[in-house]
Number of protein chains: 2
Amino acid sequence: MSTKPSINAVAHQAGVSIATVSRVLTGSKPVSAETRLRVQAAVQALGYRANPFGRGLSTGRSGVLLMLVPDFANPYYAEIVRGAVSVARQRGYTVLPVDLEGSANNEASLQVLQSGLPDGVINLVPVHERAAWAKAAEGRPWVHCSEFQPDEMSIPHVSIDHRQAATDAVQYLLNRGHRRIALVNSDERFLYARQRREGYELALRRADIAVETGRIRTTGTNSYAAGSLAAAALLSLVTPPTAVFAVSDTLAIGVIKGLRRAGRRVPEDTAVVGFDDVPIAEVFEPALTTVGQPMQDLGAAAVVMLLGQMEGQIVGHRILPHRLVVRESA
Amino acid sequence: MSTKPSINAVAHQAGVSIATVSRVLTGSKPVSAETRLRVQAAVQALGYRANPFGRGLSTGRSGVLLMLVPDFANPYYAEIVRGAVSVARQRGYTVLPVDLEGSANNEASLQVLQSGLPDGVINLVPVHERAAWAKAAEGRPWVHCSEFQPDEMSIPHVSIDHRQAATDAVQYLLNRGHRRIALVNSDERFLYARQRREGYELALRRADIAVETGRIRTTGTNSYAAGSLAAAALLSLVTPPTAVFAVSDTLAIGVIKGLRRAGRRVPEDTAVVGFDDVPIAEVFEPALTTVGQPMQDLGAAAVVMLLGQMEGQIVGHRILPHRLVVRESA
DNA sequence: ATGAAAGCGCTAACAT
DNA sequence: ATGTTAGCGCTTTCAT
């Protein structure tokens, strides 16, 4: 009663061998309807659950999917995790999200990865920090999520088209009549940052507008303060921009605060477009016009692809659609 | 080379028995310096990591701590998780945070719990939803975090003193000269909500101010919209309040938006105090005056208590300090 | 369709 | 201090 029942107890109670119990549990081989019922009754009666260690030792699989998350506190990642969890559980898998806390936690997470416990890994770590993980994950099934680059084509990935998304955002500002459009970028070590910059420049060139380096601010970090600083710098230009495209909602909010501190109204004096559509985006005043990513879908697709890969399929790559969410700030 | 090396391979390579390898790995028994070195060299050379299933099957422990999280997307919980993860890893444990997504995910999470995989569980689920979990966790080491109630004294818990915190918030408003202070509460099924209401009433009574039920709004949910609605209701009173204590920053922001929509200035016309000190609190304009909880410490303490319990200690309960963070909104 | 038995990789009790 | 060995609980041949 007190100690957890093993497969032996179930077999005994049902009057069958442990092999038969295993068969009805896993459905690996046919079992006569009658015995199946008996076994199921015994399982029920004893409250039996297969011991994950025994099963794992035998099958070599744990049903655990490791998810490398750069930052739990960032709602962008939180949503991706949520999407992943929800499809994983439908397929009988548990996702183990580990918070890398901006690399502080690498060592411990590496251990988890190398322990062999996870059956596969979903990677949210940006391209430029992947090297260490790539080595540790060697041989294991894994997929990249949210960023990708051409030279990694061998590893399945799912992402939006960051370049196109940026082009769309800037095009929107162009359509609204803006000609002096600034870019507030985060850190160009991030692939997405480089791709969004490309998209920004592409949109301008298509409109026959010269790309002025003075209108491109690279903050190095993704904080409110950095956005405010960038705004101040842009306002000190001889001809300040009439619109700003910031590569994250965080930066966008910082930019707006900076603009307002300098007496500018948003969007009347300066329009601002953000990126990500995090929850604050619609609560902040003015509500942010921003580019939304299908976060949950990204996570879900990553799991589907990972499981496919584990089953030996060739899964390839996926690009998911983004969308421009027009609110008040531009 | 290609397949993962087992303890046998290490033993062979080092010219010792597998028991000796196990001993140097676990440090369970003394091993001569010389052999230890040989074994360690072999481990190194082969890149060996103990198979978690084998070890788990043998020891009955996984090194995994389950953490029941009501909502990943809520930064309040995200911070608690972070605190827990950080001390868990120092102690060689992995925390497995599962997102309950407002109960949507209960079934799957219950499975994880019942699988027997986790060595212990940290519970962030509010008191009134604990029943199902309590049954499933029976016998297993577990601790409650962030809420507690007297009749659960048998289970170790860590929390702030919600009642005292509310009293402090209201006292602050009293000190600023406010007499008509409203309470915007979330859902009194939550223990913290009831306790904060108690604290609110206590502070008023101490100041010889009658508690007027018209000034207490219970929203039922914890959304911006609910806060705005509550604000509108309060403004329709014959004598509207000059200050509002909202039991979460989310509600507080909603209240502020509602007040402004009605033409009130914050804090000049109506002061607002929130609760939690989530990241948005200091970014929103006006920046929120709010009660901060030591989220990371809560998570850390929970892990320490859980591990203590697992080692057979009597761990008791802990109340951590809160603090009033004064900014602009009150 | 079912049972018997051989592992899976490890730890721990028992020898030596 | 070290080796031998019996499990831990399960899945999976191999028989029947």
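Excluded from the calculations below are hydrogen atoms, water molecules and symmetry mates; all remaining heavy atoms, backbone and side chain alike, are included. Residue numbers start from 1 in every chain, and the chains themselves are labelled A, B, ... in the order their sequence lines are given, proteins ahead of strands.
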**Study point:** Residues forming a side-chain hydrogen bond (donor to acceptor under 3.5 Å, both in side chains) with B:Gln296, sequence neighbours excluded
**Key:**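 Expected list: B:Glu79.
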Just N and O in the side chain of [X]: are any of them under 4.0 Å from OP1 or OP2 of [N]?
{"X": "B:Ser6", "N": "C:dC8", "result": "no"}
{"X": "A:Ser58", "N": "D:dC10", "result": "no"}
{"X": "B:Thr59", "N": "D:dC8", "result": "no"}
{"X": "A:Arg55", "N": "D:dG9", "result": "no"}
{"X": "A:Thr20", "N": "C:dG3", "result": "yes"}

Candidate nucleotides [options], ranked by approach to the side chain of [X] - the nearest:
{"X": "B:Val16", "options": "D:dG3, C:dA12, C:dG9", "result": "D:dG3"}
{"X": "A:Ala50", "options": "D:dC10, D:dT12, D:dT4", "result": "D:dC10"}
{"X": "A:Ile18", "options": "C:dT2, D:dT11, C:dT11", "result": "D:dT11"}
{"X": "B:Ile7", "options": "D:dG9, C:dG9, C:dG3", "result": "C:dG9"}
{"X": "A:Leu57", "options": "C:dT2, C:dA4, C:dG9", "result": "C:dG9"}

What is the distance from [atom1] of [X] to [atom2] of [N], rounded to the nearest Å?
{"X": "A:Arg49", "N": "D:dC10", "atom1": "CZ", "atom2": "P", "result": "12 Å"}
{"X": "A:Glu34", "N": "C:dT2", "atom1": "CD", "atom2": "C1'", "result": "12 Å"}
{"X": "B:Asn8", "N": "C:dT11", "atom1": "CG", "atom2": "P", "result": "12 Å"}
{"X": "B:Leu46", "N": "C:dG9", "atom1": "CG", "atom2": "P", "result": "14 Å"}
{"X": "A:Leu117", "N": "C:dG9", "atom1": "CG", "atom2": "P", "result": "15 Å"}
{"X": "B:Asn51", "N": "C:dG7", "atom1": "CG", "atom2": "P", "result": "18 Å"}
{"X": "B:Arg61", "N": "C:dT11", "atom1": "CZ", "atom2": "C1'", "result": "10 Å"}

Review point. Toward the 5' end of DNA chain D, which comes first, B:Thr35 or A:Thr26, by nearest nucleotide?
Key: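 First, find each residue's nearest nucleotide; the 5'-ward one identifies B:Thr35.
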Practice item. Using a 4.5 Å cut-off on heavy atoms from C-beta on, say whether the side chain of A:Asp99 contacts that of A:Tyr77. Key: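 They are not in contact (no side-chain heavy atoms under 4.5 Å apart), so the answer is no.
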Check your understanding: Do you see a donor-acceptor pair shorter than 3.5 Å between the side chains of A:Gln293 and A:Tyr76?
Key ->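 A:Gln293 vs A:Tyr76: donor-acceptor pair found between side chains.
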Review point. Tell me, which pairs form a salt bridge (charged side-chain N to carboxylate O under 4.0 Å, His left out) where one or both residues lie in residues 42-71 of chain A, sequence neighbours left out?
Key: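 Listed once each, the pairs are A:Asp71-B:Arg82.
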Review point. Parallel under 30°, tilted from 30 to 60°, perpendicular over 60°: which one fits the rings of A:Tyr192 and A:Phe190?
Key: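 Correct class here is tilted.
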Practice item. Report yes if a donor N or O on one partner sits less than 3.5 Å from an acceptor N or O on the other, where the partners are the side chain of B:Arg23 and the base of D:dG3; otherwise report no. Key: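 Flag set: donor-acceptor pair detected.
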